[in-house]
Structure formats: C-alpha cells, structure tokens
Amino acid sequence: MEPVIIVLIILVVLVFIALIKTIQVIPQASAAIVERFGRYTRTLNAGLNIVVPFIDTIRNRIDLREQVVPFPPQPVITQDNLVVNIDTVIYYQVTDARAATYEVASYIQAIEQLTVTTLRNIIGGMDLERTLTSREEINAALRGVLDEATGKWGIRVNRVELKAIEPPTSIQDSMEKQMRADRDKRAAILTAEGTRQAAILTAEGEKQSQILRAEGEAKAAALRAEGEAQAVRTVFEAIHAGDADQKLLSYQYLQMLPKIAEGDANKLWIVPSEIGDALKGLSGAMGNMGPFGGGSGNDGGNSGNSGGNSDRQRREKPSID
C-alpha cells in the first residue's frame, strides 16, 4: 500500500505543477513571449492564457508601459573644440514585444549607445553658445534619429530631454564674468538714461516756471499800468470837475516832486525849471491867507526867485548826489 500512496502523491504533485504551467495570468499593460522547443510560438496578452505544460515555455515578460531611462553624463566636443557633459533622459515605450525580444539583444543598451553617438554628431556641428541655447533643436534631432532607428526594434521613443549641459569650469567662470559685465553695463545705461530723463524734466519744469513767472509779471505790470492810468484819469477828471485854479495845481505839483526822486536807481536828480513858477504861485496863495500874508508873499516871491536862480544854476552845472 505504501508504494501506491507514494505514486498517488507524485501524480497529484505532477498534476498540480501541470495546472500551474498550463494557466498563465498576464498583468495589464504586459506581454509574454511563448516558445515551443525554443521557437517563437505566440505572444500572450493581458489576462488568462492557456499553454501546453512542459512544451511551451515563457521566455520573456515585457512591460508595455512608457518607461523613463536616465543616461549618465556623456562628454561631447562642440564645434569650437570645447568639451561639455550632457545628461539625457529617454521616454520610450515597447510597441512590439516580439521585435523587442528577437530584433535586438538589449534594447536599453542599444538606445543608450545610439543616443550617445547621435548626440555627438549633433553637438559636433554647433558651437558652445548655440549648444546652450538650442535644447529644443537638439531634442527634436535626437528624437527623429532614435525613432527611426528603434522602429524596427518594436520601440517608440516619445521624448528626449537634456537634463543638463555642463561646460568646463573655466568656461563657466568666463561666462559668469561676461554676464556680470553685461548686467553692470545695462545698469549703467539705465542709470544714465534715468539721470538724462530727470535733467530733461527738470529743465522743462524750470522753463515752464519761468514762462509762467514772466506771464504773471507781464500781467501784473499791465494791471499796474492800467491802475495808474485809471488813477491819473480819475485825478484829471476830479481836477477838471472841481475847476482847480493855478494855486492848487502848484501845490499838487510840489507834492509830486518827492515821488519823482524815489527809487534806488535815481542817482541824479535835476530840479525842473517849473518849480520856480510853482513856488511863486504857492507863496502868493499863502500871502492871501491871513493878516501876515503880504510879508510872506514877498518872501515867497524872493524864495521863488532864488529857486528859479538855483534852478538855472543847476541846469548850467548838473549836480550828482
């Protein structure tokens, strides 16, 4: 009985193993390559699949999702003989599991080497400045070459990105100095432009201020002259309306003489000849005012004569104060 039990146990184990090998569950977004006696038979898609145990074997399971592979920095020589290190990132997806298994030994290594050689060809035709400013152009060129080459491998390259472009340390120092000099230059230009604009605005303000001041002074002078003319007309009309005699006119004339001499600019004052006639008229008026008017009138006449004589002497020889 014991050998029979052992045989039954072995048969149960073999059946269990056969069932396990017969039923293959493939996850979503995955594929499996089935070979029968070492030859490709079919590709298992996602879900439950039945294979012949001990005859069909699963050679490779491939992830069909988009993959991201960063490559280490690669030294590349530019057109102006400068060595730069470039980091690249490849976004790819397996579209044909059979081609990815049988058309290339290791598609990851093949993509990496193809990326390096293509990158050196592209960068070799650019100088450093263009390399640093043409990332989109380099990405597009890399993607075109990789997509064309990897199509027969069952690989689709979706994107190629340059993570970093690192020039030599000496070149970086020179670039920093150049950028600093450019920033200082722009700052100096902006400062000079601001100073120039401020000077222009200040000059414009002073010009407008002087124009407004001159206009104000002109209007004030015109109003002042108009007021004086109106005052003269008023006085003239009042005198004519009051029928003033010669005595009143002589008195007003003497009152106006000190005003004529007012002002810092009047360094020379010539006594007019009409002052004698005015004094005569005034003295005559005072002589008629009261009991002592006669003596005063004579004195006034003498004074008028002396004033006239003095006037004639001053006219003959001007006196400068």
Side-chain angles (χ1 to χ4, degrees), residues 27 29-33 40 43 59-190:
S30 298
I33 301 299
Y40 170 77
T43 301
R59 175 176 177 177
N60 193 11
R61 294 177 182 268
I62 297 177
D63 193 345
L64 300 179
R65 295 174 296 178
E66 186 174 6
Q67 304 293 320
V68 181
V69 179
F71 295 144
Q74 300 293 329
V76 181
I77 301 176
T78 61
Q79 188 178 13
D80 46 359
N81 296 325
L82 294 175
V83 179
V84 294
N85 293 323
I86 300 180
D87 296 349
T88 55
V89 178
I90 303 297
Y91 296 81
Y92 73 93
Q93 186 176 10
V94 177
T95 58
D96 188 353
R98 177 183 178 279
T101 303
Y102 295 106
E103 295 296 335
V104 62
S106 175
Y107 56 83
I108 296 296
Q109 185 178 3
I111 291 175
E112 179 180 3
Q113 296 301 319
L114 183 59
T115 301
V116 172
T117 55
T118 305
L119 191 62
R120 287 176 178 173
N121 291 333
I122 295 173
I123 300 301
M126 299 181 178
D127 56 9
L128 179 61
E129 184 175 358
R130 185 181 174 189
T131 301
L132 296 175
T133 57
S134 303
R135 292 198 176 193
E136 293 297 331
E137 181 181 354
I138 297 172
N139 292 341
L142 275 174
R143 180 182 174 184
V145 173
L146 290 175
D147 198 18
E148 181 180 0
T150 57
K152 62 180 180 180
W153 300 339
I155 307 294
R156 182 177 68 240
V157 177
N158 297 325
R159 295 181 62 185
V160 180
E161 296 292 339
L162 302 182
K163 285 201 305 183
I165 301 177
E166 298 180 357
T169 306
S170 59
I171 300 299
Q172 292 182 7
D173 295 338
S174 300
M175 293 172 62
E176 290 179 359
K177 292 179 181 179
Q178 181 179 0
M179 289 187 294
R180 191 180 301 111
D182 290 339
R183 287 194 297 268
D184 295 340
K185 177 182 177 181
R186 288 195 296 268
I189 291 174
L190 292 176

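Just so you know, these numbers use all the heavy atoms, side chains as well, and skip hydrogens, waters and symmetry mates.
Residues P167 and L128 meet the side-chain proximity criterion, which asks for heavy atoms closer than 4.5 Å. Contact annotation: the side chain of R59 approaches that of Y102 to within less than 4.5 Å [non-hydrogen atoms, C-beta and beyond].
Among V89, L119, T115, the single residue meeting the side-chain contact (heavy atoms from CB on, under 4.5 Å) criterion with F71 is T115.
Contact detail for A97 and I62: the closest heavy-atom pair is O-CD1, 3.4 Å. Heavy-atom minimum distance, T131 versus I165: O-CD1, 3.6 Å. Nearest approach of V104 to A110, heavy atoms of both residues: CG2-CB, 3.8 Å. Pairing each heavy atom of D147 with each of V157, the nearest pair is OD1-N, 3.8 Å. Nearest heavy-atom pair across P72 and D87 is C-OD1, 4.1 Å. For the pair G125 and Q79, the tightest heavy-atom approach, listed with the atom from each and the gap, is O-OE1, 3.3 Å.
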Give the C-alpha distance, both sets of side-chain angles, the deciding distance and a yes or no for side-chain contact (heavy atoms from CB on, under 4.5 Å) between N158 and E66. CA-CA 8 Å; N158 297 325; E66 186 174 6; 3.1 Å; yes
For E103 and K152, what are the C-alpha separation, side-chain angles and deciding distance, and is it a side-chain contact (heavy atoms from CB on, under 4.5 Å)? CA-CA 7 Å; E103 295 296 335; K152 62 180 180 180; 5.7 Å; no
Quick one: do E161 and K163 satisfy salt bridge (charged side-chain N to carboxylate O under 4.0 Å, His left out)? Show the steps, please. CA-CA 6 Å; E161 296 292 339; K163 285 201 305 183; over 6 Å; no
Evaluate D63 against R65 for salt bridge (charged side-chain N to carboxylate O under 4.0 Å, His left out), listing each step before the verdict. CA-CA 6 Å; D63 193 345; R65 295 174 296 178; 2.7 Å; yes
Applying side-chain contact (heavy atoms from CB on, under 4.5 Å) to Y92 and V69, what does each step give before you reach the verdict? CA-CA 8 Å; Y92 73 93; V69 179; 3.3 Å; yes
Tell me, with the steps shown, if I155 and V94 meet side-chain contact (heavy atoms from CB on, under 4.5 Å). CA-CA 5 Å; I155 307 294; V94 177; 3.6 Å; yes
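Note that the CG atom of N139 and the CG atom of L162 stand 4.5 Å from one another [nearest 0.5 Å]. Interatomic distance, R143 CZ to E148 CD, rounded to the nearest 0.5 Å: 13.5 Å. Here L142 contributes atom CG and I86 contributes atom CD1; the two are 8.5 Å apart, rounded to the nearest 0.5 Å. Note that CE of M126 and CG of L132 are 11.0 Å apart. Values are rounded to the nearest 0.5 Å. The distance from atom CG of L114 to atom CD1 of I90, rounded to the nearest 0.5 Å, is 9.0 Å. D96 contributes atom CG, which lies 8.5 Å from atom OG1 of T101 (distance to the nearest 0.5 angstrom).
A cation-pi geometry, defined here as NZ or CZ lying under 6.0 Å from the six-membered ring centre and within 45° of its normal, holds between R98 and Y40.
Of the possible polar contacts, none joining the Q67 side chain to the Y91 backbone as a donor-acceptor pair under 3.5 Å is found. Of the possible polar contacts, none joining the T78 side chain to the G124 backbone as a donor-acceptor pair under 3.5 Å is found.
Counting non-hydrogen atoms of neighbouring residues, nucleotides and ligands closer than 6.0 angstrom, the CD atom of Q113 exceeds 12 such neighbours. Counting heavy-atom neighbours within 6.0 Å of I77 CD1, excluding the residue itself, gives a total of 12 or less.
Neither side chain, N85 nor Q74, offers a donor N or O lying under 3.5 Å from an acceptor on the other.
A salt bridge links R130 with E137: at least one charged nitrogen is closer than 4.0 Å to a carboxylate oxygen.
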